[in-house]
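Order of the sequence lines fixes the chain letters, A, B, ..., with proteins taken first and strands second; residue numbering starts at 1 for each chain.
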Amino acid sequence: MSKILVHVATAEGKIKRSSLEVLSYCRKLADDNSLGLEVAVLDIDPARYADTLNNYGPDKIYTIKHPIFNNHLSSPVIDALSALVDKSAPRLVAFASTESTKEVMGALAARHSAAAIPDVASFTINGKTVETERPVMAAKVLSKTSSSSDLVFVSVRSGSYDVAEKPGSAAVEEVAFDFDEGGLKSILKEVISSAGDKVDLSEAEVVVAAGRGIKDEEGRKLIEDLADTLGAAVGASRAVTESGLFPATLQIGQTGKVVSPQLYFAIGISGAIQHVAGMANSKVIVAINKDPDAPIFQYATYGLVGDLFKILPLLTEQIKQVKAD
Amino acid sequence: MEDKFDCIVIGGGIAGLSAALTLAKNNMKFLLIERGEFSGAKNVSGGVLWGEGLSKLVPNYWEEEDAGFERFINHRRLSFMDGDSSFSIDFKSSSFDEKPYKGVIVLRAKFDNWLAEKVQEAIEASKYPDESFMAPNILVEEVLMDNGKAVGIRAGEEKFYADSVIISEGVNNLLTRQVGLQDDYVPADALAVGVKEIIKFDQEVLEDRFQLSINSGMSNEFIGTATQGVEGGGFLYTNKDSISFGLVLGMISLRDSGMKPYDILNEFKAHPVIADTLRGGEVVEYSAHAVSTGDMKVMPKEIYGDGLLVAGEAANLLMNSGKAIQGMDYAMHSGVLAAETIVEARDSGDFSKNTMKAYRDKLEKSFVLQDMKNFQGAVEFLHSKEMFQSVPGLVCDFGKQFFSIKNEPTPKTREMLSKSVKKHSSYWQLLKLGIKGARSL
Amino acid sequence: MKLSVCIKQVPDVSAPISIKDGTLSQDSDRMVLDAYSASAVEEALVLTEKHGGEVQVVLVGPEKAKETIRKALAMGAASGVHIQVDDISGLDSSAFAEILAAWHKKSEYDAILTGKQSQDTDAGLTGGMLAWSLELPFAANAVGLEFENGSFIVKRQGDSGQEMVELKAPCLITCSNDMNDPRIPSLKGIMQSKRKPVETVTPADLGVDIASLSSDSKTERTGFKEVPGREPGKKFEGEAEEMVSNLMNLLENEAKVL
Ligand SMILES: Cc1cc2nc3c(=O)[nH]c(=O)nc-3n(C[C@H](O)[C@H](O)[C@H](O)COP(=O)(O)OP(=O)(O)OC[C@H]3O[C@@H](n4cnc5c(N)ncnc54)[C@H](O)[C@@H]3O)c2cc1C
Ligand SMILES: Cc1cc2nc3c(=O)[nH]c(=O)nc-3n(C[C@H](O)[C@H](O)[C@H](O)COP(=O)(O)OP(=O)(O)OC[C@H]3O[C@@H](n4cnc5c(N)ncnc54)[C@H](O)[C@@H]3O)c2cc1C
Ligand SMILES: Nc1ncnc2c1ncn2[C@@H]1O[C@H](COP(=O)(O)O)[C@@H](O)[C@H]1O
């Protein structure tokens, strides 16, 4: 039987929500097309995810265990995934579209002479063909891209599908992996993470995003207060990460992260198309901007025209009260 | 040191590009500098390019697949408006469909960019394919003068030299003042603010609504409540699958009214007649730009100097006679004449004032200055309060009476007219206006 | 140091765009240098200014794309390679990577720089595919780049935090536009660009058969679609207190997200 292989991304002992979204959808897709569903996990200790994964009903779980995966280097990941692709022999490999996926997908597809369709908003199987829709031209339109190759790689934008459990009890097969670290032509020297990196932005249910309108430290404080009160992750526009007020990891948009929270606050953000590309999938969007004609209001579920320095303290205060009740 | 240029053209708008194209065709070594990211990036027009000038500059341009035009005018309409009505003079003629077309509707971002490509092609076909340049994204800060003669330009730290300089910087006359041809900013009473939206439609809907065939287009000017009592008028031009829609508002009158141009535009869009016309359209772009009112009193003291010519709106060459704004055609023609004058100067080896004066003479003989002189009266006439306040009210009031059928004894048309006149004006005023109008047109 | 930068010409994505019968139509058919490629050029120039050497740009595209090569030369690149393909409509990242690989197999470089993605397709595949074909170590999404003792030190933006990765030359790096602000060519740069060498080659010169490359393409674009619009929202103006209590009410009772 032909199969779908889902790569599951992990971070600090947790499976990423975006991977669970892909896995949930692929279970359904596999059922609809009478395909097998297999999972690939690369980790220093992959066995710890087996129970969680079995909530989503894969037919098989392949793991590769290796300390090198702590190293954020692409070449071991490519080698390991490549081995699993050979082992599983799927017709479709699905990823969550994370920064690490983006790094490996081209090389991996080239290595397997496979088709690669990155960053899709939706995909499906129609007979021999994988059909996808993906945003292009700064996310102004969707391109319908399909492939009838024997092997197709897709990566899926976060928030494209819902997480849905379907309990099962698949066996775990640990695949041996020899990696010659001496032969590495790239070396990880250092990981620089900043305070803002604690809450994973692309997984967050609530995001408070800051734009140039926050101006300075004072504005930054207001953003952090609101985020803390809400238990939200902080995001930022490029104008703000460039200014150094928030770290680059928090950038949302075409170049940055794609987020799809339940609730998104765009504060002092004009709503440039490149920013909107990363957040338009949010369920509820609240925009606060003093310019009534700011494009962000075209996307906002609720728009407040006014000075963020006046509005934010009031808002944070009221949310505090609600949370306290 | 880089070699000296025959000419440096400042500003890649219509005037500058037309000059550059003419220079390239005449194998001149030149540099054109445009401050925008590309030609047309920031330029705003309604935009109908009137007359046949373009077909002389780029023969048979309409045969090109991706030429910069949107549609060709074969339908014109002038509407008088009051609060709830509009009374239009409407003229459509297939005789306008003959080539070369005489009214080309353009979107500047696209048109200027296309014209710039034509200049590039002409440079490549000229004797100086590698020595003539178009440089976008660079702001000219100064015209370098030596003993009263223009000798080059400065942009940031960089200086470049030439035998001649054409200033075609548009309505902001910074450099024209710097070289001393203009004493001051163009005064506010000779300036207007143009605001414009591009409103997108499904192409079929657009063609049905405005009765357009493949390439034909319509222009509609508006006088009256369009401007909420502010001096000026409105315009609507049909593009390929959008319309350009906006207002030109007198700067002083606008200031006195305390209103914002954008709000006036929104009021105008809410007018019942307009709202019907715009139904289903989506605003995709908004822009604002200053535009001269075409008052000759504020023309630069002189439009030439040693090694120096001023073309287009920088020289205040523009006419707004009510039936149309003519700025692009004047810019185009003056750009061509300026370049031709420079070519003659190169041939004679004399770039002094004496040779440059030929530019002024050519302009005087051409439609540009002829029309501006002959129609100054019309320009003033249009700016009289009556024209944008009582006359449109009067015309619409008459229309309401004339066209409504009430199943009661109908007064004679003459009586209707006199009633409307009494309501909005007096016979005496109207007579004055009539005489003034007749004289000026 | 010799750096080879792959640059792409893309439509100006900021121009209004619409879909007609499944194909894209833009108000302006202006083509520009891809912003990510531009950052790659800028970074390469900074590096050679510091360490000596020169920058070559390589572009696969139609005749008209020469103007984009000129733009990179005006920024300061020393020479250009134009792999001329007049109809690129059937080519995807994998095809471009194959053509670029064929060129680079015959050429010398210490590093290849590409954009991390391109503005029109946002694919982000070309760099990785090219690195694979040329068997080069690579790092993607660079936001900083240094050169020390024959190695490139890449600061790359990862999912959480930034990673410093050392790559031995020759290698490939894909650049984020967050890396720098590409310089605007000076007048002098624009003038000199016309005198810089641009070598034009055809895929056939490189032993690549374009016809089969596009007919064997693994992906196919079957059309375009509007992005589904969002429901129109509610907008409030006025006193901050009132707006905030309105918002709280809606978040709690209408959207139910608090
Ligand atoms: C290739 C490319 C990729 C890009 N990728 C990204 C990306 O991934 N993410 C991204 O965000 N951008 C990206 N950009 C940049 C993007 O185009 C915009 O420049 C950027 O998003 C603007 O950020 P901003 O909205 O914070 O700033 P601005 O556009 O300057 O907006 C600031 C807003 O704050 C409002 N404001 C100011 N003061 C106050 C106040 N006191 N109260 C309330 N409101 C106030 C203003 O009215 C204004 O609307 C990219 C650009 C390019 C070319
Ligand atoms: C709303 C509106 C509607 C209009 N409708 C019409 C119409 O329907 N028909 C018509 O014929 N005319 C119309 N006009 C008038 C017309 O747009 C102008 O008269 C015409 O553009 C003048 O052309 P120009 O080349 O002189 O100046 P511009 O087109 O303004 O070009 C000047 C160029 O110089 C550049 N520049 C300026 N300073 C510098 C510098 N220091 N260094 C480098 N570059 C510089 C500018 O960026 C610009 O590209 C309209 C104007 C407005 C505002
Ligand atoms: N036709 C091309 N010519 C040269 N470089 C290209 C071409 N296509 C893509 N690239 C490079 O690959 C990067 C990523 O492209 P893409 O895979 O299309 O997102 C671009 O930013 C360029 O650096």
For A:Lys140 and C:Val227, run side-chain contact (heavy atoms from CB on, under 4.5 Å): C-alpha distance rounded to whole Å, both residues' side-chain angles, the deciding distance at 0.1 Å, then the answer. CA-CA 7 Å; A:Lys140 282 180 175 170; C:Val227 175; 5.9 Å; no
Examine whether an atom of [X] lies under 4.5 Å from a heavy atom of chain A, and if so say whether it belongs to the side chain, the backbone or both; otherwise answer neither.
| X | answer |
| --- | --- |
| C:Glu135 | backbone |
| C:Asn246 | neither |
| C:Leu167 | both |
| C:Asn141 | side chain |
| C:Ala35 | neither |
| C:Glu226 | backbone |
| C:Ala15 | backbone |
| C:Leu250 | both |
| C:Ser176 | side chain |
| C:Phe138 | both |
| C:Met248 | side chain |
| C:Leu24 | side chain |
| C:Ala123 | both |
| C:Glu252 | side chain |

With a 3.5 Å cut-off and no angle check, do the side chains of A:Ser143 and C:Arg221 form a donor-acceptor pair?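 Their side chains do contain a donor-acceptor pair, which is all the 3.5 Å distance test asks for.
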For the residue pair A:Thr145 and C:Glu220, confirm or rule out a side-chain donor-acceptor distance under 3.5 Å.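 There is no such pair (donor and acceptor under 3.5 Å, judged by atom type) between the side chains of A:Thr145 and C:Glu220.
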Which portion of [X] sits near chain C, non-hydrogen atoms under 4.5 angstrom:
| X | answer |
| --- | --- |
| A:Arg111 | both |
| A:Ala109 | side chain |
| A:Leu184 | backbone |
| A:Ser148 | backbone |
| A:Lys257 | side chain |
| A:Leu314 | both |
| A:Gln251 | side chain |
| A:Ala139 | backbone |

Over all atoms of both residues, closest heavy-atom pair of [X] and [Y]:
| X | Y | answer |
| --- | --- | --- |
| C:Ala240 | A:Ile311 | CB-CG1, 4.1 Å |
| C:Val165 | A:Ser186 | CG1-CB, 4.0 Å |
| A:Ser100 | C:Asp159 | OG-OD2, 2.5 Å |
| C:Thr222 | A:Ser146 | CG2-OG, 3.6 Å |
| C:Arg230 | A:Ala280 | NH1-O, 2.7 Å |
| C:Leu125 | A:Ala116 | CD1-O, 3.7 Å |

Has A:Ser147 got a side-chain atom pairing as donor or acceptor with C:Lys218's backbone, closer than 3.5 angstrom? yes
Can you establish whether the number of heavy atoms outside [X] located under 6.0 Å from its atom [atom1] is more than 12?
| X | atom1 | value |
| --- | --- | --- |
| C:Asn253 | CG | yes |
| A:Glu99 | CD | yes |
| C:Lys64 | NZ | yes |
| C:Asn249 | CG | yes |

Just do the side-chain contact (heavy atoms from CB on, under 4.5 Å) check on C:Lys225 and A:Val141 with the steps written out, would you? CA-CA 6 Å; C:Lys225 241 178 89 172; A:Val141 294; over 6 Å; no
Picking from [options], which has the most non-hydrogen pairs under 4.5 angstrom with chain C?
| options | result |
| --- | --- |
| A:Lys102, A:Gln262, A:Lys310, A:His72 | A:His72 |
| A:Ala277, A:Ala248, A:Ser75, A:Ala287 | A:Ala248 |
| A:Ala114, A:Ala11, A:Gly306 | A:Ala114 |
| A:Arg134, A:Gln274, A:Glu242, A:Gln298 | A:Arg134 |
| A:Lys16, A:Met105, A:Glu133, A:Gln254 | A:Gln254 |
| A:Ala107, A:Pro118, A:Pro135 | A:Ala107 |

Partner set under side chain to side chain donor-acceptor pair (under 3.5 Å) for A:Glu103, not counting sequence neighbours: C:Arg156
Using a 4.5 angstrom heavy-atom cutoff, name the option from C:Gln157, C:Gln119, C:Lys168, C:Glu237 with the most pairs to chain A. C:Gln157
Most contacts with chain A, counted as non-hydrogen pairs under 4.5 angstrom, among C:Gly238, C:Gly223, C:Gly229, C:Gly233: C:Gly223
Taking side chain as C-beta onward, heavy atoms only, is C:Thr219 less than 4.5 Å from A:Thr132? no
Does the side-chain contact (heavy atoms from CB on, under 4.5 Å) test come out yes or no for A:Val191 and C:Gln162, once each step is laid out? CA-CA 6 Å; A:Val191 177; C:Gln162 293 174 334; over 6 Å; no
How long is the span from the [atom1] atom in [X] to the [atom2] atom in [Y], to the nearest 0.5 Å?
| X | Y | atom1 | atom2 | result |
| --- | --- | --- | --- | --- |
| C:Gln117 | A:Thr255 | CD | OG1 | 5.5 Å |
| A:Lys283 | C:Lys256 | NZ | NZ | 9.5 Å |
| C:Met243 | A:Ile288 | CE | CD1 | 8.5 Å |
| C:Ser93 | A:Ile117 | OG | CD1 | 11.0 Å |

List the steps and the verdict of side-chain contact (heavy atoms from CB on, under 4.5 Å) for C:Leu251 and A:Val286. CA-CA 9 Å; C:Leu251 290 178; A:Val286 176; 4.0 Å; yes
On the six-membered ring of A:Phe297, is C:Lys235 placed so that its NZ or CZ lies under 6.0 angstrom from the centre and within 45° of the ring axis?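 C:Lys235 over A:Phe297 ring: yes.
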Quick one: which residues of residues 316-325 of chain A reach chain C at under 4.5 angstrom, heavy atoms only?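 Against chain C, the residues of residues 316-325 of chain A that fall inside the cut-off (heavy atoms, under 4.5 Å) are A:Gln318, A:Ile319, A:Val322.
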